[in-house]
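Note on naming: letters A, B, ... go to the chains in the order of the sequence lines (proteins, then strands), and numbering restarts at 1 for each one.
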Number of protein chains: 2
Amino acid sequence: MDTRHNILTAAAVLFARNGYDKVSMRDIAGAVGIRAPALYNHFPDKEHLYLESIAHVLQGKAEALARAIAGAAPAWTRLERYVACLARIFTEDPDALRLIQREVLNGDDARLRTLTDQVFQTPFQDMLDLIQELGPGRDAHLLAISVMALVLDHIELACLRPLLPGYRPEHDDPEVLARHVCTLLRAGLVDAAPSAPR
Amino acid sequence: MDTRHNILTAAAVLFARNGYDKVSMRDIAGAVGIRAPALYNHFPDKEHLYLESIAHVLQGKAEALARAIAGAAPAWTRLERYVACLARIFTEDPDALRLIQREVLNGDDARLRTLTDQVFQTPFQDMLDLIQELGPGRDAHLLAISVMALVLDHIELACLRPLLPGYRPEHDDPEVLARHVCTLLRAGLVDAAPSAPR
DNA sequence: GTCTATAAGCGGATAGAC
DNA sequence: GTCTATCCGCTTATAGAC
């Protein structure tokens, strides 16, 4: 089969869960059923393998978000779709989110710029436009970051939340999360009824 | 002077910025002006040095939050103080936040449980109680996580935000961030006027 | 393309002098 | 308590047979 593809998917999982330094070329080779030197037939070194495995995982995620926000529906509807899509994508593939977290934490300026240009730019701009349509007087940048934070932090903290008081298993359901975020965005902390009003 | 204290503060900075594996005992020793074997007079091994440096940095942070939320003031006022305190603490000491991020990403279950019991438990419970007072019908756990996410994600993304459209330098000011978060919590994305109403 | 063998270097940690 | 010297394992990466 396609060895290169197998390497990239196996490496992405290992890097996401253990971090760059805790994953050796031997580990990656072992996960694919080959020996370490064979990896160098497909990638020039570990760094390139790592960067390509990230790109491989993030492939298509941005496009899915673009589809969710597109169309002629009312702005609130498009926001709800965007939030739901974001929650679904990264709940189903938490390794992808971990890879992004590690890059944000460790990436030098050049790598962060590349990642921004190739992945974050378009979805963020879409969200920015949408927010400007919904709340013209507000700071769209702060709000767009806030929307991302509300959705992604819940998922990032999946390991920690069960240890904190008030946790219930349904909090890990992306639909529950999306509804919660939209309710909060609509009316804030207090004013909304338990079930989101239209 | 107190060599042990110097080691812990220097190590914390290195670990926060580069991660556990990218910091060698030689690096830490060099930052303090000694040689690597001397470190073993103060700590049994690298793992213990790492864990103690985290504890050393997080010391006092939880107490500051407890003070901010305490008192007989109205619930909204205490929430505002809490949010402002959270934003100030981690804007002034971004390395502390990075250490927490790394622990959440890499920590096994046992270490996350220890960290929760010793640091997160009390501030989170305080926030939970406050939210139950403010919005009795809502899911307090989801909301408390959301408040943390809104404040901390802005600070965690300090490296990324300048690369995204709409960024302005004032977004890095903890007071601006705290006002933004409180406005959002009060009335959601749309209903609030640009300057937060009382 | 994959293998075995191996180079070259860095990592944590210890021994023992001072 | 700190030093120098050193051990030993593991890492990335290459050479060369098949």
* To do: Shoot me the first and last contacting nucleotide of DNA chain C against chain A, ordered 5' to 3', at under 4.0 angstrom to non-hydrogen atoms.
  =>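 Terminal contacting nucleotides, 5' to 3': C/dG1 to C/dA5.
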* Residues that B/Y50 engages under ring pair (Phe, Tyr, Trp, His ring centres under 6.0 Å), provided they are two or more places apart ->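 By the ring pair (Phe, Tyr, Trp, His ring centres under 6.0 Å) rule, B/Y50 matches B/F15, B/Y20.
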* All ring pair (Phe, Tyr, Trp, His ring centres under 6.0 Å) counterparts of B/H48, not counting sequence neighbours ->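 None.
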* Length of the line joining A/I28:CD1 and D/dT12:C1', which is rounded to integer Å ->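 Rounded to whole Å, this separation is 11 Å.
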* DNA chain D contacts among residues 29-41 of chain A, heavy-atom distance under 4.0 Å ->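 Per residue number, the list reads A/P37, A/Y40.
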* ILVMFWY network linking B/Y167 to A/I145, side-chain heavy atoms under 4.5 angstrom ->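 Result: no, two separate clusters.
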* Taking the six-membered ring for Trp, is the centroid-to-centroid distance between A/F90 and A/H154 below 6.0 Å? ->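 Not close enough - the centres of the two rings lie 6.0 Å or further apart.
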* **Nucleotide-level pairing of DNA chain C, given in dot-bracket where Watson-Crick and G-U pairs need both distances under 3.5 Å and | marks other strands** => ||||||||||||||||||
Between [Y] and [X], do the side chains contain a donor N or O and an acceptor N or O under 3.5 Å apart?
X	Y	result
A/R102	B/N106	yes
A/H180	B/S146	yes
B/D27	B/S24	yes

* Asked: Below 4.0 angstrom, N of the basic side chain to O of the carboxylate: do A/R98 and A/E103 qualify?
  ->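 Between A/E103 and A/R98 there is no salt bridge, as every charged N stays at least 4.0 Å from the carboxylate O atoms.
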* With the threshold set at 4.0 Å, does a side-chain nitrogen-carboxylate oxygen contact exist between A/D117 and A/R113? ->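 No, A/D117 and A/R113 are not salt-bridged.
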* Asked: Which other residues end up in the same hydrophobic cluster as A/V176, if Ile, Leu, Val, Met, Phe, Trp and Tyr are linked when side-chain heavy atoms come under 4.5 Å apart?
  ->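 Besides A/V176, the hydrophobic cluster comprises B/L142, listed by chain and residue number.
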* Asked: For A/D27 and A/P44, take the nucleotide of DNA chain D holding the closest heavy atom to each; which residue's nucleotide lies nearer the 5' end?
  ->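 Per heavy-atom nearest nucleotide, the more 5' residue is A/D27.
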